[in-house]
Visitor: 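My questions all concern the structure below.
Since this is a predicted model, take the numbers as computed values, not measurements.
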Amino acid sequence: MNKISLGHSPAAAGHESARPRTNVLWVAWRQQRFQVLTSLALIGALALGLVIFRLNLVSALADLGAQGCVPFADDGPCAAAFAPDIPDQFRTIAALVPLVMLALPPLLGALAGGPLFAREYEQGTQILSLTQSVGPVKWWAVKTVVAALPVVAGLFVLGLINEWAMNPMSSFAAKHLLTPGFQTRGITPAAYFILAFAIAATAGIVLRNTAAAIGLTVAIYVVLLLLLGVARPHYATPEQFRDSVPASGSQPASDADDSWQLDYYYVNASGEKVSPRTDGCQAEDGYQQCLVQQGVVGAVIQYQPADRFWRFQATEAALALAASALLFGAGVVRLRRRII
Amino acid sequence: MNNTSPALEAINLGKRYRRGWALQDCSFSLPAGSVAALVGPNGAGKSTLLTLAAGIATATTGSIAVLGDVTGGRGPHSRLAFLSQDQPLYRRFTVEEMLHFGRAMNGRWDESYARRLIQDCAIPFAARIGTLSGGQRTRVALALALGRRPAALLLDEPLASLDPLARLEVMQALLAEVVDTGITLMLSSHVIADVEDSCDHLLLLADGRLQLDGPIDQLLATHQLLTGPAGGQPGWLAGDAVVETRSSTKQMTILTRRTEVSRPSDWLAVEPTLQDLVLGYLRSGGRSQGEMEPAA
């Protein structure tokens, strides 16, 4: 029989006490570099486009003699004087950018997270990787960080650039607190990417099928985003603005200053919400009187002020990250439990 | 871990999946330095046993120790290398990058040894894994496993996907390394011919149970293949010694567990071949004959 001195060689003894030095980072980067670099190239191109957009817009405003009009608000002298003269191309781009920015995080998240583990299972290579000297948790963590972190950083910067680029367009651009402005400006794009990525990575671990993981990610992501939309008005107690009885049925444009109007209702003398019948009221001059006759003494506008934008961004991101953390946890537990 | 520990030692090892028991009551001890064949029909539990030994599955009952250390589904023992069925490698990696993978994923790694194993079979380092033949891929996978300088190497059906020439080359390369390094080798196969010339230890699995286990020489020496006239089972033969009886119209062949029985002169006794032994045990276990291939 061949004998090898297992316990006696210094190399073996040293190996027992010290943790082996491994470089999973290299492996994860080799596997994910195409996805990461492609995502970053896409994000970079968009960021560059937004910077050019902003610079052109500012110089166009300067050409119109509206240098002092940044940010360009609806009300005030700027809008009246210059709004009609701003070239259409800026409006078109300002309308398109939110659509791209809305689709980009879930797209990149599903495409990065879906195959990350599912492809390993599909090809049986998780067995190869997990029968070396690296444990499943470390393997999971390094792959996750390498695939996600650069894109998170990219989308974080892109979200801030989008916020900066759209600011001079505030009268035409998607509003800060409204859909799709809220979801595409600031830190939400990065948070949404993490959410989509977490869904996709964990779905890949559970389903072991890339296509199914990506499909399921889209479905779960849409549901979670709708839930966030339902929760969003409650991130902070709304402000109330007491208005006089309106002269007509059309509600005042209370979100002119970028704030988010949640509710508009009539109140009686004791301050209670009332729902007067308005179908019998004639339009124009008779309208106000018609309401007053039914006991209406005023109107209330409930709204979230525009200056809560960053607070709401932080709340939204925290909720998305909490959901992601749960998903990541479920994924790593599942991965550890069942390797083959 | 010490010198006297067996390379592998299973005690009451069992694994149940949702569909039922894949392995039950499996106890054996494999001495260090053995070259063991894990033989059995498809679905006998060979892969299950190997994945338990490799530490990537958790036993339902019992335990398995590698070099004296009990493994528990937390990855392989640091001195054990495992090659799963079809030897999965990253297809988009080059051979060079696969070696880099081995270096990066292991604290203990013998780069020059792994490179030499690749050079021995003249595989270009710049070639992508996806472009290699099955035999070449197996050689790269072997280099990767051996580069860890394991004390024990487990291979699940390493030859199954290879053509006959590649089988021979892979087996020769493997045995050359065994001779050079003295590692313990366990390879599973459902083809007896692949293992009968190269292995010195047999583990026979059927229906998730270990049917036979021991050094091949000893197993063959303690069994006997009797051939005699057709008829009922001879009265001079102790019933508990009979492993399997087969009869045709003219003659009867009986595989027995003992060799010392005296017999009538019209009965011929020979030492069974490994194939006789394996097929005899499988048939006696109620296995259909077609599932076990005697030769490639």
Visitor: Looking only at heavy atoms, which two atoms of B:N106 and A:Q132 are closest? And how far apart?
Guide: ND2-OE1, 2.8 Å
Visitor: As an exercise: rank A:T131, A:L130, A:V24 by heavy-atom pairs under 4.5 Å with chain B and give me the winner.
Guide: A:T131
Visitor: To the nearest 0.5 Å, what is the distance between CD1 on A:I340 and CD1 on B:I56?
Guide: 5.5 Å
Visitor: Could you check whether any side-chain heavy atom of B:M105 comes within less than 4.5 Å of a side-chain heavy atom of A:V134, counting everything from C-beta outward?
Guide: yes
Visitor: Please check if the number of heavy atoms outside B:Y113 that lie under 6.0 Å from its OH is greater than 12.
Guide: yes
Visitor: Would you please test A:S133 and B:R108 for side-chain contact (heavy atoms from CB on, under 4.5 Å) and show each step?
Guide: CA-CA 8 Å; A:S133 310; B:R108 177 196 171 85; 5.9 Å; no
Visitor: Is the shortest heavy-atom distance from the side chain of B:R103 to the side chain of A:W26 under 4.5 Å?
Guide: no
Visitor: Tell me, out of A:R338, A:R336, A:Q31, A:Q123, who's got the most heavy-atom pairs with chain B below 4.5 Å.
Guide: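 Max contact count across the listed options: A:Q31.
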Visitor: Do other residues, nucleotides or ligands put more than 12 heavy atoms under 6.0 Å from the CZ atom of A:R208?
Guide: yes
Visitor: Any residues in residues 83-93 of chain B near chain A, with a heavy-atom distance under 4.5 Å, and which are they?
Guide: B:S84, B:P88, B:L89, B:Y90, B:R92, B:F93
Visitor: Quick check for you: to the nearest 0.5 Å, what is the distance between B:F82 atom CZ and A:I127 atom CD1?
Guide: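 The CD1 atom of A:I127 is 6.0 Å from CZ of B:F82, to the nearest 0.5 Å.
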